[in-house]
2 protein chains.
Amino acid sequence: MKAVTISDVAKHAGTSKSTVSQFLNERFDYMREDTKKRIEVAIEELGYSPNIVARSLKMKSTKTIGVIVANILHVFSTQVIRSIEDFCNESNFHVIVCNADDDPVKEKRYIDMLRAKQVDGIIAFPTGGNVDLYKRLVSEKYPIVFMDRMIPELPINTVLLDNEKASKLAVDAFLQKGHDQIGMISPSLGKCITPRMERINGYKNALLDHQIPFKQEYLVSAEIPHIQSVLETMLGSPNRPQALLALNDRVLFEILKYTKEHQIRIPEDLAVIGIDDVSFANFYSPALTTVAQPAFEMGKKAAELLLTRISNKESEVEAEIFRFEPQLIKRSSC
Amino acid sequence: MKAVTISDVAKHAGTSKSTVSQFLNERFDYMREDTKKRIEVAIEELGYSPNIVARSLKMKSTKTIGVIVANILHVFSTQVIRSIEDFCNESNFHVIVCNADDDPVKEKRYIDMLRAKQVDGIIAFPTGGNVDLYKRLVSEKYPIVFMDRMIPELPINTVLLDNEKASKLAVDAFLQKGHDQIGMISPSLGKCITPRMERINGYKNALLDHQIPFKQEYLVSAEIPHIQSVLETMLGSPNRPQALLALNDRVLFEILKYTKEHQIRIPEDLAVIGIDDVSFANFYSPALTTVAQPAFEMGKKAAELLLTRISNKESEVEAEIFRFEPQLIKRSSC
DNA sequence: CTGAAAGCGCTTACAG
DNA sequence: CTGAAAGCGCTTACAG
């Protein structure tokens with residue numbers, strides 16, 4: 001391991017640590033050209049590279065942020081992380097990625113660890129289970145941005161899809177094709193997860209807008225592994241829906257699995273739209289009509305919000321909710 | 001922001017910083033019960049949490065590793081990161097994720113930044129472009145593990161798929177179905193990327209094993225955006241292959257797009273196997289036969305190797321290559 | 001069983 | 001224009 005420090009450079013260049021530090025921080029205002037040169041040479045010759053941990057300790061800033069996602073395996077999370085990483089990179093920030101697995105206990109552990117590591121701020125997909133902890137962070141003015149999910153009581157900037165609109169786009173598309181018997185399948189609703197609640201509301205409101213009566217039996221939520229049997233009963237019933245909205249990609253997978261196994265033709269027997277644009281939407285048969293989320297813009301926005309919050313910590317920012325527009329991509333499944 | 005430090009705790013507990021530190025590090029050997037209690041209480045009351053940056057500076061270990069992937073958007077990378085993260089989490093390590101984008105310049109920047117941040121080790125999908133840099137790191141005994149790609153000159157532990165086997169499994173499966181006119185499509189080969197080279201070799205060798213002559217025109221590599229036209233000429237020719245092996249998921253996507261657009265039936269007109277098990281393999285029509293990589297095990301292995309390397313830095317480890325078994329998942333596309 | 005002191009590698013007011 | 005000194009928040013020999 002290298003052990004060359006700022007003192008070594010100073011000695012080598014025949015100057016003091018302070019001056020080397022000035023040099024490193026590009027405060028050249030009063031530095032003589034030859035001192036500059038000597039330091040440059042010394043750094044080069046010794047292969048010096050500053051120890052950022054030491055700097056962080058002194059500066060109380062690590063130039064690192066934490067991102068706590070529900071699950072990095074979800075495509076949406078991946079895209080969000082990617083754009084956060086890209087944005088941070090431009091500002092010389094690093095990102096530590098954590099998987100909370102939708103478990104508040106894990107979430108808390110990660111928040112504690114990240115703070116102990118003096119991370120400058122956190123972007124979280126909150127599980128909803130650590131409201132008090134977040135409250136404390138807010139009161140300490142610790143920079144936080146929420147992504148994808150909202151906790152109403154908390155004054156924290158939040159980046160969200162316009163989830164109601166996403167459902168509405170789908171419902172409208174179904175109607176345009178003459179389907180007014182529209183069902184919706186959602187993952188389990190136990191934990192009040194923002195996009196799920198809002199998409200369901202959006203579905204209901206869209207029906208209302210068109211004076212279509214809402215039928216309880218057309219809206220089902222269930223754990224992913226149970227969706228097959230849910231579909232069985234829903235689609236087996238005599239007055240089954242003609243169209244089905246998948247709340248997200250996981251649900252869409254289940255619907256496609258079911259229709260394949262039971263040879264239900266899309267869209268002839270059943271029109272389908274999924275929220276989340278999936279990788280195979282284009283070349284599936286039929287090509288799948290989806291509602292896409294602008295994941296990259298959302299990630300970028302979150303990073304932007306966090307970094308500006310970090311750079312002017314004191315400014316009393318109003319917490320805002322930033323909504324992003326979903327986009328209907330018409331293909332052939334509806 | 002909190003500013004409670006170890007001194008505050010010491011004062012509050014009526015003891016010294018040293019003793020508090022002993023307490024924090026669970027060196028209770030000589031500690032009186034009541035001192036322990038008092039410290040416990042003080043920590044609780046002040047809401048103290050240790051500053052890991054300060055500890056890191058002193059200990060010369062940050063309990064953080066860096067992972068440099070080619071592109072986090074690839075499913076394989078995502079799975080690898082997830083399992084690295086899980087494994088590290090158990091050992092209280094954090095992971096910083098970086099996207100090199102297959103660009104050696106970016107890769108170098110990230111390595112430098114990670115080292116400046118005193119990260120304890122790095123897992124990289126090497127671009128192949130920074131051999132000298134890696135050599136220097138090796139000579140400094142800096143802990144590194146390579147993933148997915150190999151750089152032969154470098155004595156660095158490397159986790160790889162048995163890529164030749166992956167191709168062989170596919171070729172054998174084709175032959176079993178009576179297809180001996182087997183083509184293979186690969187992304188561009190410009191940069192000598194291990195899995196690509198090895199899978200191609202595996203394809204050639206598997207043909208050889210079965211005394212099937214290798215036809216140059218059956219093996220094509222091209223940038224992803226050009227694959228459509230490559231397929232056009234390959235499948236348009238009079239003696240076109242009956243079976244097609246996709247070197248990875250991106251290539252598979254292109255093949256499926258092409259077959260859909262040109263109404264080529266799978267497997268009747270063209271048998272298809274893809275390396276990389278894709279999310280929709282099961283419910284695509286036809287269900288897709290794939291060769292799966294054990295991405296989670298591979299990620300875990302890499303993390304394991306790196307962390308043990310970090311914990312006993314001095315041991316002169318022989319660099320090894322760890323090969324993982326691909327698995328043929330028979331479905332209906334072949 | 002516990003405390004004073006030195007030191008990890010930086011930065012930054014301040015003095016000259 | 002540059003250097004000596006203090007300090008960021010820890011840990012760890014060492015002395016008692």
Side-chain angles (χ1 to χ4, degrees), chain A residues 1-40 42-43 46-64 92 112-113 115-120, chain B residues 1-40 42-43 46-64 92 112-113 115-120:
Chain A
M1 304 248 34
K2 273 190 295 200
V4 20
T5 75
I6 202 172
S7 316
D8 301 322
V9 176
K11 225 169 289 170
H12 200 91
T15 177
S16 74
K17 291 195 300 173
S18 322
T19 308
V20 176
S21 177
Q22 310 276 32
F23 176 90
L24 292 173
N25 293 290
E26 298 182 316
R27 276 191 271 280
F28 298 133
D29 315 359
Y30 302 108
M31 203 172 298
R32 263 198 339 242
E33 265 311 315
D34 66 308
T35 332
K36 219 152 119 182
K37 263 272 140 44
R38 285 197 331 268
I39 295 177
E40 231 160 46
I43 288 178
L46 299 174
Y48 169 74
S49 134
N51 180 328
I52 295 192
V53 172
R55 171 185 293 163
S56 298
L57 176 58
K58 183 70 194 175
M59 304 290 276
K60 296 170 170 305
S61 151
T62 52
K63 292 274 220 170
T64 306
N92 262 289
D112 291 342
M113 283 177 68
R115 297 223 57 212
K117 277 212 167 142
Q118 313 298 115
V119 140
D120 294 339
Chain B
M1 305 247 36
K2 272 190 294 199
V4 21
T5 75
I6 202 172
S7 317
D8 301 320
V9 176
K11 224 167 290 170
H12 201 88
T15 177
S16 74
K17 289 196 301 172
S18 323
T19 307
V20 176
S21 178
Q22 310 277 31
F23 176 90
L24 292 173
N25 293 290
E26 298 182 314
R27 275 190 273 278
F28 298 133
D29 316 359
Y30 303 108
M31 202 171 296
R32 264 199 336 243
E33 267 308 316
D34 65 305
T35 332
K36 219 152 118 181
K37 264 271 138 47
R38 282 194 336 264
I39 295 177
E40 232 160 45
I43 288 177
L46 298 175
Y48 170 73
S49 135
N51 180 327
I52 295 193
V53 172
R55 170 185 293 163
S56 297
L57 175 59
K58 184 69 194 177
M59 305 288 277
K60 295 172 170 304
S61 152
T62 51
K63 293 276 222 166
T64 305
N92 262 288
D112 290 343
M113 282 176 71
R115 297 223 59 212
K117 277 210 169 145
Q118 312 299 114
V119 139
D120 294 339

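We name chains A, B, ... by the order of the sequence lines, and we start the count at 1 in each one.
The side chain of A:T35 contributes no N or O atom lying less than 4.0 Å from OP1 or OP2 of D:dC1. In this model, the phosphate group of D:dG3 is approached by a side-chain N or O of A:S16 to a distance below 4.0 Å at OP1 or OP2.
Under the rule for a salt bridge (charged side-chain N to carboxylate O under 4.0 Å, His left out), B:E26 has no partner lying at least two apart in sequence or in another chain. Residues satisfying the side-chain hydrogen bond (donor to acceptor under 3.5 Å, both in side chains) test with A:K63, not counting sequence neighbours, are none. For A:N92, the side-chain hydrogen bond (donor to acceptor under 3.5 Å, both in side chains) criterion is met by no residue, not counting sequence neighbours. Every residue two or more places apart in sequence or in another chain was checked for a salt bridge (charged side-chain N to carboxylate O under 4.0 Å, His left out) with B:K11, and none qualifies.
In this entry the distance linking CZ of A:F23 with P of D:dT2 reads 12 Å, nearest Å. Between the CG atom of B:L57 and the P atom of C:dC10 there is a distance of 9 Å, given to the nearest Å. The nearest whole Å value for the distance from the NZ atom in B:K36 to the P atom in C:dT2 is 11 Å. Atom-to-atom, CD1 of A:I43 to C1' of C:dC10 comes out at 13 Å; the value is rounded to the nearest Å. Between the NZ atom of B:K37 and the C1' atom of C:dC1 there is a distance of 18 Å, given to the nearest Å.
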For a quick check, with a 4.0 angstrom heavy-atom cut-off, what is the B/S/- contact string for nucleotides 11-16 of chain C, read 5' to 3'? BB----
Let's test your reading of the pairing rules: Watson-Crick or G-U wobble, both distances under 3.5 Å, then write DNA chain D as a dot-bracket string with ( ), [ ], | and dots. |||.||||||||.|||
